[in-house]
Amino acid sequence: MIEYIPYGRQDINKSDIDAVIEVLRSDFLTQGPAIEVFEQAICDQTGARFAVALSSATAGLHLACLGLGVGVGDYVWTSPNTFVASANCARYCGANIDFIDIEIDTGNLCIDSLKKKLESAEKNNCLPKIIIPVHYSGRSCDMQALSFLAEKYGFFILEDAAHAIGATYQGHAVGLCKYSKATIFSFHPVKIITTGEGGAITTNDEALYRKLIRLRSHGITRAQTDMTHVSDGGWYYQQLELGFNYRMTDIQAALGCSQLLRINEFVAKRRALAIRYRVELANLNVDLMRADADQESAWHLFVIQVDETKRKLIYEQLRSAGIGVNVHYIPVYLQPYYLKLGFNIGHCPVAEKYYHRVLSLPIFPSLNDQDFNYVIHSLSNALVN
Ligand SMILES: *Cc1c(COP(=O)(O)O)cnc(C)c1O
(Lines give C-alpha, C1' and ligand atoms only; values in the text may rest on other atoms or scores of the structure.)
Protein backbone atom coordinates (compact mmCIF):
# COMPACT_ATOMS: atom_id res chain seq x y z
CA MET A 1 0.00 0.00 0.00
CA ILE A 2 1.21 3.50 -0.80
CA GLU A 3 1.68 5.68 2.23
CA TYR A 4 -0.71 8.62 2.22
CA ILE A 5 0.61 12.19 2.29
CA PRO A 6 -2.20 14.61 3.23
CA TYR A 7 -2.29 18.24 2.09
CA GLY A 8 -2.04 19.39 5.69
CA ARG A 9 -1.76 17.89 9.15
CA GLN A 10 -1.19 18.86 12.76
CA ASP A 11 2.15 18.61 14.54
CA ILE A 12 1.79 17.42 18.15
CA ASN A 13 4.85 16.86 20.34
CA LYS A 14 5.43 15.69 23.90
CA SER A 15 5.06 19.17 25.44
CA ASP A 16 1.67 19.52 23.74
CA ILE A 17 0.58 16.18 25.21
CA ASP A 18 1.97 17.03 28.65
CA ALA A 19 0.11 20.36 28.64
CA VAL A 20 -3.18 18.56 28.00
CA ILE A 21 -2.51 15.91 30.65
CA GLU A 22 -1.80 18.62 33.21
CA VAL A 23 -5.26 20.08 32.68
CA LEU A 24 -6.87 16.64 32.84
CA ARG A 25 -5.34 16.23 36.30
CA SER A 26 -6.38 19.72 37.44
CA ASP A 27 -9.64 21.02 38.94
CA PHE A 28 -10.96 22.63 35.76
CA LEU A 29 -11.60 20.95 32.44
CA THR A 30 -13.51 23.98 31.23
CA GLN A 31 -14.05 27.59 32.36
CA GLY A 32 -10.77 27.43 34.28
CA PRO A 33 -7.50 29.39 34.17
CA ALA A 34 -6.09 28.01 30.87
CA ILE A 35 -8.52 30.07 28.78
CA GLU A 36 -7.23 33.44 29.99
CA VAL A 37 -3.64 32.32 29.60
CA PHE A 38 -4.37 31.30 26.01
CA GLU A 39 -6.19 34.56 25.30
CA GLN A 40 -3.23 36.55 26.62
CA ALA A 41 -0.90 34.47 24.45
CA ILE A 42 -3.03 35.30 21.39
CA CYS A 43 -2.84 39.00 22.30
CA ASP A 44 0.94 38.69 22.58
CA GLN A 45 1.14 36.90 19.23
CA THR A 46 -1.01 39.42 17.35
CA GLY A 47 -0.51 42.66 19.26
CA ALA A 48 -4.28 43.09 19.63
CA ARG A 49 -5.69 44.39 22.93
CA PHE A 50 -8.31 41.68 23.41
CA ALA A 51 -8.76 38.03 22.45
CA VAL A 52 -11.77 35.75 22.94
CA ALA A 53 -11.18 31.99 22.74
CA LEU A 54 -14.08 30.03 21.24
CA SER A 55 -15.22 26.56 20.24
CA SER A 56 -14.47 27.22 16.54
CA ALA A 57 -13.80 29.92 13.97
CA THR A 58 -17.35 29.38 12.74
CA ALA A 59 -18.58 30.41 16.21
CA GLY A 60 -16.21 33.38 15.98
CA LEU A 61 -17.61 34.53 12.66
CA HIS A 62 -21.15 34.20 14.00
CA LEU A 63 -20.44 36.12 17.22
CA ALA A 64 -18.43 38.84 15.49
CA CYS A 65 -21.31 39.46 13.07
CA LEU A 66 -23.78 39.61 15.97
CA GLY A 67 -21.40 41.78 17.98
CA LEU A 68 -21.25 44.28 15.12
CA GLY A 69 -25.03 44.36 14.93
CA VAL A 70 -25.64 42.33 11.77
CA GLY A 71 -29.30 41.42 11.47
CA VAL A 72 -32.24 40.91 9.14
CA GLY A 73 -32.10 43.23 6.13
CA ASP A 74 -28.36 43.90 6.39
CA TYR A 75 -25.87 42.98 3.69
CA VAL A 76 -22.64 41.10 4.35
CA TRP A 77 -20.09 40.59 1.58
CA THR A 78 -17.28 38.08 1.46
CA SER A 79 -15.06 36.20 -0.94
CA PRO A 80 -16.45 33.22 -2.86
CA ASN A 81 -13.02 31.55 -2.65
CA THR A 82 -13.42 30.33 0.91
CA PHE A 83 -14.92 27.71 3.16
CA VAL A 84 -18.70 28.02 3.52
CA ALA A 85 -18.39 29.25 7.13
CA SER A 86 -17.27 32.72 5.95
CA ALA A 87 -20.69 33.23 4.35
CA ASN A 88 -22.89 31.13 6.63
CA CYS A 89 -22.26 33.51 9.54
CA ALA A 90 -24.28 36.21 7.78
CA ARG A 91 -27.15 33.79 7.22
CA TYR A 92 -27.14 32.78 10.93
CA CYS A 93 -27.94 36.44 11.64
CA GLY A 94 -30.68 36.57 9.03
CA ALA A 95 -28.63 38.91 6.82
CA ASN A 96 -28.23 38.89 3.05
CA ILE A 97 -24.93 37.64 1.69
CA ASP A 98 -23.11 38.59 -1.48
CA PHE A 99 -19.75 37.70 -2.97
CA ILE A 100 -16.92 39.84 -4.34
CA ASP A 101 -14.86 38.38 -7.16
CA ILE A 102 -11.20 37.50 -6.60
CA GLU A 103 -7.78 38.18 -8.12
CA ILE A 104 -6.58 35.24 -10.19
CA ASP A 105 -2.98 35.47 -8.93
CA THR A 106 -3.69 35.54 -5.18
CA GLY A 107 -7.14 34.02 -4.69
CA ASN A 108 -7.97 37.00 -2.44
CA LEU A 109 -10.80 39.43 -3.03
CA CYS A 110 -10.18 41.89 -5.85
CA ILE A 111 -10.17 45.55 -4.81
CA ASP A 112 -11.18 46.75 -8.30
CA SER A 113 -14.20 44.43 -8.42
CA LEU A 114 -15.09 45.57 -4.93
CA LYS A 115 -14.94 49.24 -5.94
CA LYS A 116 -17.35 48.66 -8.82
CA LYS A 117 -19.67 46.66 -6.65
CA LEU A 118 -19.68 49.37 -3.96
CA GLU A 119 -20.44 52.09 -6.52
CA SER A 120 -23.48 50.23 -7.78
CA ALA A 121 -24.61 49.24 -4.27
CA GLU A 122 -24.46 52.89 -3.26
CA LYS A 123 -26.78 53.81 -6.13
CA ASN A 124 -29.18 51.01 -5.19
CA ASN A 125 -29.02 51.84 -1.50
CA CYS A 126 -27.81 48.38 -0.47
CA LEU A 127 -24.29 48.98 0.79
CA PRO A 128 -22.88 46.21 2.98
CA LYS A 129 -22.74 46.58 6.76
CA ILE A 130 -19.75 44.26 6.95
CA ILE A 131 -17.16 42.93 4.55
CA ILE A 132 -15.34 39.75 5.48
CA PRO A 133 -12.01 39.52 3.62
CA VAL A 134 -10.55 36.01 3.71
CA HIS A 135 -6.77 35.76 3.94
CA TYR A 136 -6.75 32.87 1.53
CA SER A 137 -3.95 30.30 1.95
CA GLY A 138 -2.46 32.41 4.76
CA ARG A 139 -1.76 35.49 2.65
CA SER A 140 -3.25 38.79 3.78
CA CYS A 141 -5.68 40.72 1.60
CA ASP A 142 -4.86 44.32 0.70
CA MET A 143 -6.12 45.62 4.03
CA GLN A 144 -5.02 49.19 3.53
CA ALA A 145 -7.00 49.55 0.29
CA LEU A 146 -9.93 47.82 1.92
CA SER A 147 -9.90 50.11 4.95
CA PHE A 148 -9.83 53.14 2.66
CA LEU A 149 -13.07 51.86 1.07
CA ALA A 150 -14.49 51.03 4.53
CA GLU A 151 -14.08 54.71 5.51
CA LYS A 152 -15.58 55.93 2.27
CA TYR A 153 -18.62 53.66 2.27
CA GLY A 154 -19.06 53.09 6.00
CA PHE A 155 -18.81 49.34 6.38
CA PHE A 156 -17.01 47.31 9.08
CA ILE A 157 -14.19 44.92 8.23
CA LEU A 158 -14.09 41.49 9.82
CA GLU A 159 -11.00 39.50 8.86
CA ASP A 160 -11.40 35.77 8.30
CA ALA A 161 -7.85 34.77 9.17
CA ALA A 162 -8.63 31.07 9.65
CA HIS A 163 -5.60 30.36 7.43
CA ALA A 164 -3.38 33.16 8.58
CA ILE A 165 -2.26 33.11 12.21
CA GLY A 166 1.50 33.71 12.03
CA ALA A 167 1.30 35.76 8.82
CA THR A 168 2.40 39.39 8.61
CA TYR A 169 1.11 42.38 6.67
CA GLN A 170 3.12 45.60 6.43
CA GLY A 171 5.38 44.28 9.16
CA HIS A 172 2.56 43.62 11.67
CA ALA A 173 1.05 40.30 12.71
CA VAL A 174 -2.28 39.43 11.11
CA GLY A 175 -4.78 39.78 13.96
CA LEU A 176 -3.52 43.19 15.11
CA CYS A 177 -6.78 44.64 13.69
CA LYS A 178 -5.06 47.81 12.54
CA TYR A 179 -7.47 48.04 9.61
CA SER A 180 -10.40 46.01 10.93
CA LYS A 181 -12.93 45.70 13.76
CA ALA A 182 -12.00 42.11 14.51
CA THR A 183 -10.04 39.10 13.24
CA ILE A 184 -11.09 35.45 13.42
CA PHE A 185 -8.69 32.51 13.69
CA SER A 186 -9.31 28.76 13.42
CA PHE A 187 -7.46 26.06 15.33
CA HIS A 188 -8.84 23.09 13.44
CA PRO A 189 -6.05 20.45 13.05
CA VAL A 190 -5.51 21.31 9.40
CA LYS A 191 -4.75 24.98 10.19
CA ILE A 192 -1.47 26.53 11.41
CA ILE A 193 -1.82 25.71 15.13
CA THR A 194 -4.46 23.45 16.63
CA THR A 195 -6.66 22.98 19.69
CA GLY A 196 -8.55 20.02 18.15
CA GLU A 197 -11.55 22.21 17.41
CA GLY A 198 -11.31 25.85 18.34
CA GLY A 199 -11.11 29.45 17.28
CA ALA A 200 -10.51 32.96 18.53
CA ILE A 201 -11.44 36.55 17.83
CA THR A 202 -9.04 39.46 18.33
CA THR A 203 -10.19 43.07 18.56
CA ASN A 204 -9.08 46.44 19.95
CA ASP A 205 -12.66 47.53 20.70
CA GLU A 206 -13.41 47.05 24.40
CA ALA A 207 -17.21 47.27 24.09
CA LEU A 208 -17.19 44.68 21.32
CA TYR A 209 -14.89 42.47 23.41
CA ARG A 210 -17.25 42.58 26.40
CA LYS A 211 -20.20 41.75 24.20
CA LEU A 212 -18.35 38.80 22.63
CA ILE A 213 -17.48 37.43 26.08
CA ARG A 214 -21.19 37.54 27.02
CA LEU A 215 -22.42 36.05 23.75
CA ARG A 216 -19.91 33.18 24.08
CA SER A 217 -21.68 32.06 27.24
CA HIS A 218 -25.47 32.41 26.83
CA GLY A 219 -25.53 36.21 27.03
CA ILE A 220 -24.86 35.96 30.77
CA THR A 221 -22.96 38.48 32.88
CA ARG A 222 -21.72 38.41 36.47
CA ALA A 223 -20.39 41.98 36.34
CA GLN A 224 -22.41 44.42 38.47
CA THR A 225 -21.66 47.23 36.02
CA ASP A 226 -23.58 45.38 33.28
CA MET A 227 -26.61 44.46 35.42
CA THR A 228 -29.98 46.16 35.28
CA HIS A 229 -30.20 46.39 39.10
CA VAL A 230 -28.12 45.70 42.20
CA SER A 231 -27.08 42.04 42.41
CA ASP A 232 -29.30 39.78 44.58
CA GLY A 233 -26.17 38.17 46.07
CA GLY A 234 -23.07 36.13 45.34
CA TRP A 235 -24.96 33.54 43.29
CA TYR A 236 -26.58 36.08 41.04
CA TYR A 237 -26.13 36.48 37.30
CA GLN A 238 -28.16 38.08 34.57
CA GLN A 239 -28.84 37.04 31.00
CA LEU A 240 -28.85 40.29 29.05
CA GLU A 241 -29.22 38.97 25.52
CA LEU A 242 -29.57 35.72 23.62
CA GLY A 243 -26.14 34.07 23.62
CA PHE A 244 -24.73 30.63 22.96
CA ASN A 245 -22.42 28.03 24.41
CA TYR A 246 -19.44 28.74 22.16
CA ARG A 247 -16.83 28.23 24.88
CA MET A 248 -13.45 26.61 24.42
CA THR A 249 -12.47 24.04 27.05
CA ASP A 250 -9.37 24.34 29.24
CA ILE A 251 -8.12 21.12 27.68
CA GLN A 252 -8.14 22.82 24.29
CA ALA A 253 -6.71 26.08 25.61
CA ALA A 254 -3.75 24.28 27.20
CA LEU A 255 -3.01 22.61 23.86
CA GLY A 256 -3.36 26.00 22.20
CA CYS A 257 -0.84 27.62 24.58
CA SER A 258 1.65 24.88 23.94
CA GLN A 259 1.10 25.08 20.16
CA LEU A 260 1.46 28.86 20.17
CA LEU A 261 4.96 28.47 21.64
CA ARG A 262 5.81 26.63 18.43
CA ILE A 263 4.13 28.93 15.91
CA ASN A 264 7.35 30.52 14.64
CA GLU A 265 8.83 27.09 14.03
CA PHE A 266 5.66 25.95 12.24
CA VAL A 267 5.48 28.97 9.96
CA ALA A 268 9.24 28.87 9.25
CA LYS A 269 8.95 25.23 8.15
CA ARG A 270 5.96 25.99 5.96
CA ARG A 271 7.75 28.96 4.45
CA ALA A 272 10.85 26.87 3.72
CA LEU A 273 8.68 24.29 1.95
CA ALA A 274 6.97 27.02 -0.05
CA ILE A 275 10.33 28.40 -1.17
CA ARG A 276 11.44 24.93 -2.24
CA TYR A 277 8.19 24.38 -4.12
CA ARG A 278 8.66 27.67 -5.95
CA VAL A 279 12.15 26.64 -7.03
CA GLU A 280 11.17 23.11 -8.05
CA LEU A 281 8.03 24.18 -9.90
CA ALA A 282 9.57 27.15 -11.70
CA ASN A 283 10.10 25.19 -14.90
CA LEU A 284 6.87 23.22 -14.85
CA ASN A 285 3.67 24.20 -16.58
CA VAL A 286 1.94 25.59 -13.48
CA ASP A 287 1.06 29.08 -12.29
CA LEU A 288 2.22 30.11 -8.84
CA MET A 289 0.84 32.73 -6.53
CA ARG A 290 2.02 36.32 -6.86
CA ALA A 291 4.70 37.28 -4.33
CA ASP A 292 4.34 40.68 -2.64
CA ALA A 293 7.06 42.42 -0.67
CA ASP A 294 4.81 43.93 2.01
CA GLN A 295 3.72 40.67 3.57
CA GLU A 296 4.62 37.14 4.57
CA SER A 297 2.13 34.32 4.24
CA ALA A 298 1.58 31.75 6.99
CA TRP A 299 1.41 29.20 4.12
CA HIS A 300 -1.63 27.29 5.31
CA LEU A 301 -2.00 26.17 1.68
CA PHE A 302 0.44 25.87 -1.17
CA VAL A 303 -1.68 26.28 -4.29
CA ILE A 304 -0.83 25.94 -7.95
CA GLN A 305 -2.96 26.54 -11.01
CA VAL A 306 -2.89 24.10 -13.91
CA ASP A 307 -4.58 23.82 -17.29
CA GLU A 308 -8.25 23.47 -16.47
CA THR A 309 -8.79 20.69 -19.02
CA LYS A 310 -6.17 18.60 -17.19
CA ARG A 311 -6.86 19.46 -13.57
CA LYS A 312 -9.13 16.53 -12.81
CA LEU A 313 -6.70 14.04 -14.32
CA ILE A 314 -3.76 15.51 -12.42
CA TYR A 315 -5.80 15.41 -9.22
CA GLU A 316 -6.74 11.77 -9.76
CA GLN A 317 -3.24 10.73 -10.71
CA LEU A 318 -1.75 12.34 -7.59
CA ARG A 319 -4.47 10.86 -5.41
CA SER A 320 -3.77 7.38 -6.70
CA ALA A 321 -0.09 8.00 -5.99
CA GLY A 322 -1.12 8.53 -2.35
CA ILE A 323 -0.81 12.31 -2.39
CA GLY A 324 -3.74 14.08 -0.77
CA VAL A 325 -3.96 17.03 -3.12
CA ASN A 326 -7.14 19.03 -2.68
CA VAL A 327 -9.18 21.82 -4.24
CA HIS A 328 -9.65 25.10 -2.36
CA TYR A 329 -12.33 26.23 -3.03
CA ILE A 330 -15.61 25.51 -4.77
CA PRO A 331 -17.09 29.05 -5.05
CA VAL A 332 -19.42 29.22 -2.05
CA TYR A 333 -22.42 30.52 -4.03
CA LEU A 334 -22.35 27.40 -6.24
CA GLN A 335 -23.36 25.29 -3.24
CA PRO A 336 -26.98 24.12 -3.57
CA TYR A 337 -27.99 26.07 -0.45
CA TYR A 338 -26.74 29.32 -2.01
CA LEU A 339 -28.08 28.56 -5.49
CA LYS A 340 -31.49 28.27 -3.82
CA LEU A 341 -31.02 31.82 -2.52
CA GLY A 342 -30.82 32.96 -6.14
CA PHE A 343 -27.12 32.93 -7.04
CA ASN A 344 -26.16 31.74 -10.51
CA ILE A 345 -23.16 30.42 -12.38
CA GLY A 346 -21.17 33.41 -13.67
CA HIS A 347 -21.67 35.57 -10.56
CA CYS A 348 -17.89 35.74 -9.94
CA PRO A 349 -16.20 34.60 -13.17
CA VAL A 350 -12.63 34.82 -11.86
CA ALA A 351 -13.46 32.70 -8.80
CA GLU A 352 -15.04 30.12 -11.10
CA LYS A 353 -12.04 30.08 -13.40
CA TYR A 354 -9.78 29.78 -10.37
CA TYR A 355 -11.82 26.88 -9.02
CA HIS A 356 -11.34 24.97 -12.27
CA ARG A 357 -7.56 25.46 -12.24
CA VAL A 358 -6.46 25.25 -8.62
CA LEU A 359 -4.78 22.41 -6.72
CA SER A 360 -3.43 22.45 -3.14
CA LEU A 361 -0.19 20.53 -2.68
CA PRO A 362 0.91 19.01 0.65
CA ILE A 363 2.41 21.56 3.03
CA PHE A 364 2.81 21.02 6.78
CA PRO A 365 5.73 21.25 9.25
CA SER A 366 6.57 17.53 9.38
CA LEU A 367 6.59 17.00 5.59
CA ASN A 368 10.01 15.36 5.11
CA ASP A 369 12.46 15.57 2.19
CA GLN A 370 11.63 12.14 0.86
CA ASP A 371 7.89 12.86 0.72
CA PHE A 372 8.48 16.34 -0.66
CA ASN A 373 10.62 14.95 -3.49
CA TYR A 374 8.03 12.28 -4.14
CA VAL A 375 5.34 14.98 -4.51
CA ILE A 376 7.50 16.93 -7.00
CA HIS A 377 8.31 13.78 -8.93
CA SER A 378 4.67 12.64 -9.08
CA LEU A 379 3.46 16.11 -10.06
CA SER A 380 6.04 16.37 -12.86
CA ASN A 381 4.84 13.02 -14.21
CA ALA A 382 1.19 14.01 -13.98
CA LEU A 383 1.81 17.29 -15.79
CA VAL A 384 3.40 15.67 -18.86
CA ASN A 385 0.66 13.07 -19.27
C1 LIG B 1 -11.47 26.41 8.50
C2 LIG B 1 -12.10 27.67 8.08
C3 LIG B 1 -13.17 28.24 8.78
C4 LIG B 1 -13.89 27.53 9.87
O5 LIG B 1 -13.07 27.15 10.92
P6 LIG B 1 -13.62 26.20 12.08
O7 LIG B 1 -12.67 26.45 13.21
O8 LIG B 1 -13.53 24.80 11.55
O9 LIG B 1 -15.00 26.59 12.39
C10 LIG B 1 -13.62 29.49 8.38
N11 LIG B 1 -13.07 30.15 7.35
C12 LIG B 1 -12.06 29.60 6.64
C13 LIG B 1 -11.47 30.38 5.51
C14 LIG B 1 -11.56 28.34 6.96
O15 LIG B 1 -10.59 27.80 6.24
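Residues: numbered from 1 along the sequence shown. Keep in mind that what you see is a predicted model, and the values were worked out from it rather than measured. Each ligand, and each atom within it, is numbered from 1 in the order the structure gives.
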*asked:* Given 3.5 Å as the limit, does a donor-acceptor pair link the side chain of N245 with the main chain of R247, or not?
replied: yes
Atom 12 (C) of ligand 1 sits nearest the protein heavy atom A162 CB, 3.4 Å
Looking only at non-hydrogen atoms, the one of H163, K191, H62, H300 nearest atom 2 (C) of ligand 1 is K191
Mind checking whether Y169 and H135 have ring centres under 6.0 Å apart? no
Test side-chain contact (heavy atoms from CB on, under 4.5 Å), reference V325, set I304, L361, V375, output is L361
In this structure, atom 9 (O) of ligand 1 is nearest to the protein heavy atom T58 OG1, 2.5 Å
for atom 11 (N) of ligand 1, nearest protein heavy atom and its distance come out as D160 OD2, 2.8 Å
Under 4.0 Å between a Lys/Arg side-chain N and an Asp/Glu carboxylate O for R357 and D287? yes
Atom 13 (C) of ligand 1 sits nearest the protein heavy atom T82 OG1, 3.3 Å
Using 4.0 Å as the upper bound for N to carboxylate O, is an ion pair formed by E103 and R139? no
Next item on the list: Please indicate whether any nitrogen or oxygen in F83 is less than 3.5 Å from any nitrogen or oxygen in ligand 1.
Entry: no
Within 4.0 Å of some non-hydrogen atom of A57, the atoms of ligand 1 are 4 (C), 5 (O), 6 (P), 7 (O), 9 (O)
*Can we say R276 and D369 salt-bridge, meaning some charged N sits less than 4.0 Å from an Asp/Glu carboxylate O?*
yes
heavy-atom search around atom 7 (O) of ligand 1 in the protein gives S186 OG, 2.8 Å
Q) Contact between G198 and ligand 1, counting heavy atoms under 4.0 Å? A) yes
Checklist entry - Does Y329 come within less than 4.0 angstrom of ligand 1, counting non-hydrogen atoms of the residue? => result yes
At under 4.0 Å between heavy atoms, what of S86 touches ligand 1? The answer is side chain
Would you say the rings of Y236 and H229 are close, in the sense that their centroids are separated by under 6.0 Å? yes
